[in-house]
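Computed from heavy atoms alone, side chains included, the values below leave out hydrogens, waters and symmetry copies. Ligands are counted one by one from 1 in listed order, and the atoms in each one are counted from 1 as well. Along the sequence shown, the residues carry numbers beginning at 1.
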Amino acid sequence: MFNDRTTPLSLLRTRRSGKPRDLIAPGPSHAQLLEMIEIAGRTPDHGKLFPWRFVVVPDAERAGFAVALQKILVMEKEDCGPRDLEAAEQFAMQAPALVVILSAPVVPHKIPVWEQELSAGAACMNLLHAAHAMGFAGGWLTGWAAYSDAVRDLFGKEGERIAGFVFIGTPARELEERPRPLLSDIAHFYAPGDGRGG
Ligand SMILES: Cc1cc2nc3c(=O)[nH]c(=O)nc-3n(C[C@H](O)[C@H](O)[C@H](O)COP(=O)(O)O)c2cc1C
């Protein structure tokens with residue numbers, strides 16, 4: 001089901017995430033990764049501020065990232081044990097490709113930070129769509145590392161935030177669908193006085 005990429009609409013309808021730990025080779029080539037990011041950069045943003053950045057963690061740097069993550073975890077987690085360290089290593093090493101998306105709002109600016117952050121989320125989503133369109137699956141994770149200033153400093157600077165770690169590769173097994181909201185629960189037509197805020 002999640003392989004139907006035959007039409008633009010089927011691409012949109014069939015995209016779903018792969019669990020990063022279940023993503024295996026082949027991953028995108030260097031050129032494919034850059035193309036995905038170029039596509040993801042075509043994201044709406046109020047004011048043409050481009051308030052996001054994509055940082056690719058190259059293959060040769062993945063192990064170094066794992067060690068850096070472990071060091072930060074030891075500093076930040078009081079009761080950090082071997083399992084935590086193993087989890088941090090697995091996090092950094094999973095899936096063939098890793099792109100860190102940074103929200104990089106322009107502050108102060110008349111465009112509210114909220115809008116700039118929304119755009120960063122949309123950029124992550126666009127990257128997932130591009131990966132799917134190119135025959136791969138992506139998975140968007142955050143977790144403690146996304147909220148650590150020390151981890152942020154590995155990729156960016158003060159004022160920036162990690163919007164997501166997007167892992168990209170080929171699903172090891174067929175992707176399963178997950179529950180989706182009922183259209184009637186999420187879509188309404190504005191009708192004054194119906195109790196939904198109209
Ligand atoms: C901002 C954001 C952060 C997420 N962080 C995590 C995470 O840390 N761990 C996790 O298991 N899933 C996380 N998810 C959920 C996964 O990305 C999940 O695979 C996704 O919601 C599945 O939706 P899809 O099938 O439509 O792609 C996150 C989702 C978003 C939007």
Measure across [X] and [Y] and return the closest heavy-atom pair with its distance rounded to 0.1 Å.
X	Y	answer
V99	I101	O-CD1, 3.6 Å
S10	T6	OG-N, 3.2 Å
A120	A163	CB-CB, 4.4 Å

Worksheet item: Under a 4.0 Å heavy-atom limit, does E176 contact ligand 1 with its side chain, its backbone, both, or neither?
Response: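 None of E176 does.
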Item to complete: Please identify which atoms of ligand 1 are closer than 4.0 Å to at least one heavy atom of R16.
Response: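 Answer, ordered by atom number: 22 (C), 25 (O), 27 (O).
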Worksheet entry | N/O donor-acceptor pair under 3.5 Å between Q94 side chain and F91 backbone |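 Between the backbone of F91 and the side chain of Q94 there is a qualifying donor-acceptor contact (under 3.5 Å).
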[atom]: which protein heavy atom is closest, and how many Å away?
atom	answer
atom 19 (O) of ligand 1	S17 CB, 3.4 Å
atom 8 (O) of ligand 1	T142 N, 3.0 Å
atom 21 (O) of ligand 1	R178 NH2, 3.6 Å
atom 9 (N) of ligand 1	L141 CD2, 3.4 Å

Worksheet item: Of F167, W140, F165, W144, which has the heavy atom at the shortest distance from atom 16 (C) of ligand 1?
Response: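 Ranked by closest heavy atom to atom 16 (C) of ligand 1, first place is W140.
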Contact check, [X] vs ligand 1, heavy-atom distance below 4.0 Å:
X	value
R180	yes
G143	yes
R15	yes

Worksheet item: Ring centroid separation for F65 and F155, is it under 6.0 angstrom?
Response: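 Yes: the rings meet the under 6.0 Å criterion.
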Discussion item. Looking at E160 and R53, is there a salt bridge between them, counting it only when a charged N and a carboxylate O are closer than 4.0 Å?
Written reply: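 Counted as a salt bridge, because a side-chain N and a carboxylate O are separated by less than 4.0 Å.
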Fill in: SB check E86 R83 (cutoff 4.0 Å)
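Not counted as a salt bridge, because no side-chain N and carboxylate O are separated by less than 4.0 Å.
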